[in-house]
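Take a look at the structure set out below.
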Amino acid sequence: MASTAGQVIRCKAAVAWEAGKPLVMEEVEVAPPQAMEVRIKILFTSLCHTDVFFWEAKGQTPLFPRIFGHEASGIVESVGEGVTELEPGDHVLPVFTGECKECRHCKSVESNMCDLLRINTDRGVMLNDNESRFSINGKPIYHFVGTSTFSEYTVVHVGCVAKINPAAPMDKVCVLSCGISTGLGATLNVAKPKKGQSVAIFGLGAVGLAAAEGARMAGASRIIGVDLNPNRFAEAKKFGVTEFVNPKDHNKPVQEVIAEMTDGGVDRSLECTGNINAMISAFECVHDGWGVAVLVGVPSKDDAFKTHPMNLLNGRTLKGTFFGNYKPRTDLPSVVEKYMNKELDVEKFITHEVPFSEINKAFDYMLQGASLRCIIRMGA
């Protein structure tokens with residue numbers, strides 16, 4: 001066991017004290033892991049739109065002070081009672097959703113929605129005792145989605161930790177613990193395009209580009225990118241996108257434009273924005289008889305999906321996915337292996353890098369729309 005096992009660790013963390021305010025570098029105390037928990041030394045983390053959304057606290061009940069972050073890579077420092085699959089020194093990815101391996105969802109080959117450990121953005125404490133493992137001068141600092149990787153050390157439930165190949169470069173594979181895997185899996189595991197088929201991708205952010213990457217890996221013949229920002233097409237070409245459609249350039253619904261381009265509709269589509277109108281367009285643009293549309297983006301709570309029932313009766317299929325249908329502990333190591341085997345190019349998703357002391361720059365890059373993923377080097 002590590003020399004620090006069982007002890008409180010003092011380390012640096014970027015604390016969000018208020019919604020929308022710059023993070024503040026603080027010295028925090030990180031308690032030892034309790035039963036079924038793992039304490040991880042974070043080596044690299046990155047910023048995701050989910051972090052920004054909850055940091056801004058738009059339309060939410062704010063939970064502050066808080067340590068955000070959920071895309072990261074690290075090394076196990078110590079483990080709590082009952083943890084048998086991991087030991088100090090293991091290379092791991094903490095994940096915002098989990099796999100307890102005991103519930104009906106975990107035992108089903110058709111689901112990755114763990115009853116115990118599925119994402120919970122409102123809970124700021126650990127399941128074991130409803131207490132935080134972070135504190136400053138005895139006052140608790142809240143967790144975020146069970147990971148809180150904007151800290152040099154964090155404590156995570158063992159079910160939310162994926163053990164990976166120790167040869168994998170940690171500064172690259174850290175981005176695989178959320179958005180990239182979500183988009184990739186949405187295509188490969190859910191849409192499942194066949195070689196030579198056509199695919200439309202709605203939204204060319206990091207998740208949408210990962211979905212396009214999946215379509216490229218599957219051998220799609222046409223990958224149509226749909227986005228309101230024409231500047232994204234040049235970048236999208238690197239991920240296999242062959243054509244670009246900007247809905248603002250047309251005086252008819254974009255689903256009709258795509259149907260005309262593809263002789264009746266695409267074979268597969270993926271919606272990666274969370275915009276309800278884009279979701280409807282993504283469904284209605286697939287070909288009748290066999291077309292499959294997959295919803296990846298998360299809509300607003302009051303949105304309602306409306307389409308004519310004949311669109312379903314005519315043989316179109318509508319699906320949804322969460323984390324690309326990957327079970328974190330079981331499947332994420334294989335995603336890392338796709339990168340190691342050069343099937344998946346992760347580097348092109350990484351557009352910026354900053355030291356931990358300059359983490360607020362990562363927020364600036366994302367808010368400006370300048371980055372896909374910004375790597376944050378811990379201890380720097």
Side-chain angles (χ1 to χ4, degrees), residues 2 4 9 11-14 30 33 38-48 50-51 67-79 83 85-98 144-158 160-184 206 210 213 323 326 328-359 361-362 365 371-380:
T4 50
I9 290 178
C11 68
K12 294 293 184 182
V30 185
V38 181
R39 190 160 60 183
I40 302 169
K41 180 179 181 179
I42 300 297
L43 299 180
F44 297 92
T45 187
S46 63
L47 182 64
C48 173
T50 303
D51 296 306
I67 298 175
F68 287 97
H70 65 285
E71 284 190 350
S73 59
I75 296 176
V76 173
E77 176 270 338
S78 61
V79 301
V83 176
E85 295 183 12
L86 296 169
E87 59 185 25
D90 283 344
H91 288 214
V92 296
L93 301 181
V95 188
F96 67 94
T97 184
F144 178 65
V145 295
T147 50
S148 293
T149 61
F150 293 166
S151 173
E152 292 175 329
Y153 286 85
T154 189
V155 177
V156 181
H157 190 285
V158 66
C160 297
V161 182
K163 181 179 177 180
I164 63 170
N165 186 339
M170 303 290 263
D171 61 332
K172 304 297 190 297
V173 298
C174 63
V175 301
L176 294 177
S177 56
C178 183
I180 310 307
S181 294
T182 295
L184 184 74
E213 181 78 352
F323 194 47
Y326 286 122
R329 298 162 80 183
T330 300
D331 299 329
L332 202 51
S334 67
V335 179
V336 172
E337 291 307 308
K338 288 183 186 295
Y339 167 70
M340 297 295 286
N341 296 332
K342 301 187 184 303
E343 300 171 52
L344 170 63
D345 184 355
V346 169
E347 280 87 346
K348 59 191 175 184
F349 289 95
I350 301 170
T351 54
H352 296 78
E353 184 175 321
V354 297
F356 188 36
S357 59
E358 299 178 13
I359 189 172
K361 285 187 177 180
Y365 292 142
S371 69
L372 290 175
R373 282 297 182 266
C374 179
I375 301 299
I376 299 161
R377 303 189 312 274
M378 307 303 286

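The first residue of the sequence shown is numbered 1, and numbering continues consecutively from there.
Between Thr97 and Pro328 there is a side-chain heavy-atom pair separated by less than 4.5 Å. Taking the side chain as every heavy atom from C-beta outward, Val155 and Pro33 approach each other to under 4.5 Å. Taking 4.5 Å as the limit, some side-chain heavy atom of Val158 sits within range of a side-chain heavy atom of Arg329.
For the side chain to side chain contact (heavy atoms under 4.5 Å, CB included) test, residues two or more places apart in sequence or in another chain that qualify with Cys48 are Thr50, Asp51, His70, Glu71, Cys178, Arg373. Remark: Glu87 pairs with Asp90 by the side chain to side chain contact (heavy atoms under 4.5 Å, CB included) rule, at least two apart or across chains. When the ring pair (Phe, Tyr, Trp, His ring centres under 6.0 Å) test is applied to Tyr365, the partners found at least two apart in sequence or on another chain are His352. Residues meeting the side-chain hydrogen bond (donor to acceptor under 3.5 Å, both in side chains) test with Thr154, sequence neighbours left out: none. Qualifying ring pair (Phe, Tyr, Trp, His ring centres under 6.0 Å) partners for Phe144, counting only residues two or more places apart in sequence or in other chains: Phe54, Phe68.
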>> Working note: Tyr153 + Thr4, criterion side-chain contact (heavy atoms from CB on, under 4.5 Å); need CA distance, chi angles, decisive distance, verdict.
In response: CA-CA 12 Å; Tyr153 286 85; Thr4 50; 5.6 Å; no
>> One pair to check against side-chain contact (heavy atoms from CB on, under 4.5 Å): Ile9 and Lys41. What are the steps and the verdict?
In response: CA-CA 10 Å; Ile9 290 178; Lys41 180 179 181 179; over 6 Å; no
>> Quick one, Val336 with Leu93, criterion side-chain contact (heavy atoms from CB on, under 4.5 Å). Give me CA distance, side-chain angles, the key distance, then yes/no.
In response: CA-CA 10 Å; Val336 172; Leu93 301 181; 4.0 Å; yes
>> Using side-chain contact (heavy atoms from CB on, under 4.5 Å), reason through Val346 and Val173 one step at a time and then give a plain yes or no.
In response: CA-CA 7 Å; Val346 169; Val173 298; 5.8 Å; no
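Separating the CG atom in Leu43 from the CD1 atom in Ile75 is a distance of 4.5 Å, to the nearest 0.5 Å. The CG atom of Leu176 sits 6.0 Å away from atom CG of Leu344, with the distance rounded to the nearest 0.5 Å. Taking CD1 of Ile375 as the start and CZ of Phe44 as the end, the distance is 8.0 Å to the nearest 0.5 Å. The line from NZ of Lys12 to CD of Glu152 is 8.0 Å long, rounded to the nearest 0.5 Å. To the nearest 0.5 Å, atoms CG (Leu47) and CZ (Phe150) are separated by 5.0 Å. Note that CZ of Phe96 is 9.5 Å distant from OG1 of Thr147, once rounded to the nearest 0.5 Å.
The minimum heavy-atom distance between Ser46 and Val175, with the atom names listed, is OG-CG1, 3.9 Å. Shown here for Cys11 and Ser151, the closest heavy-atom pair between the two residues is SG-OG, 3.7 Å. Closest non-hydrogen pair, Ile376 versus Ala362, comes out as CD1-CB, 4.1 Å. Among all heavy-atom pairs drawn from Ile67 and Ser148, the shortest one is O-OG, 2.8 Å.
The backbone N or O of Arg39 lies less than 3.5 Å from no partner atom in the side chain of Ser78, so there is not a single donor-acceptor pair. At least one donor-acceptor pair under 3.5 Å links the side chain of Thr351 to the backbone N or O of Leu372.
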Run the side-chain donor-acceptor check on residues 160-170: report pairs under 3.5 Å with partners two or more places apart or on a different chain.
residue : atom : partner : partner atom : Å
Asn165  : OD1  : Ala167  : N            : 2.9
Asn165  : ND2  : Glu337  : OE2          : 3.1

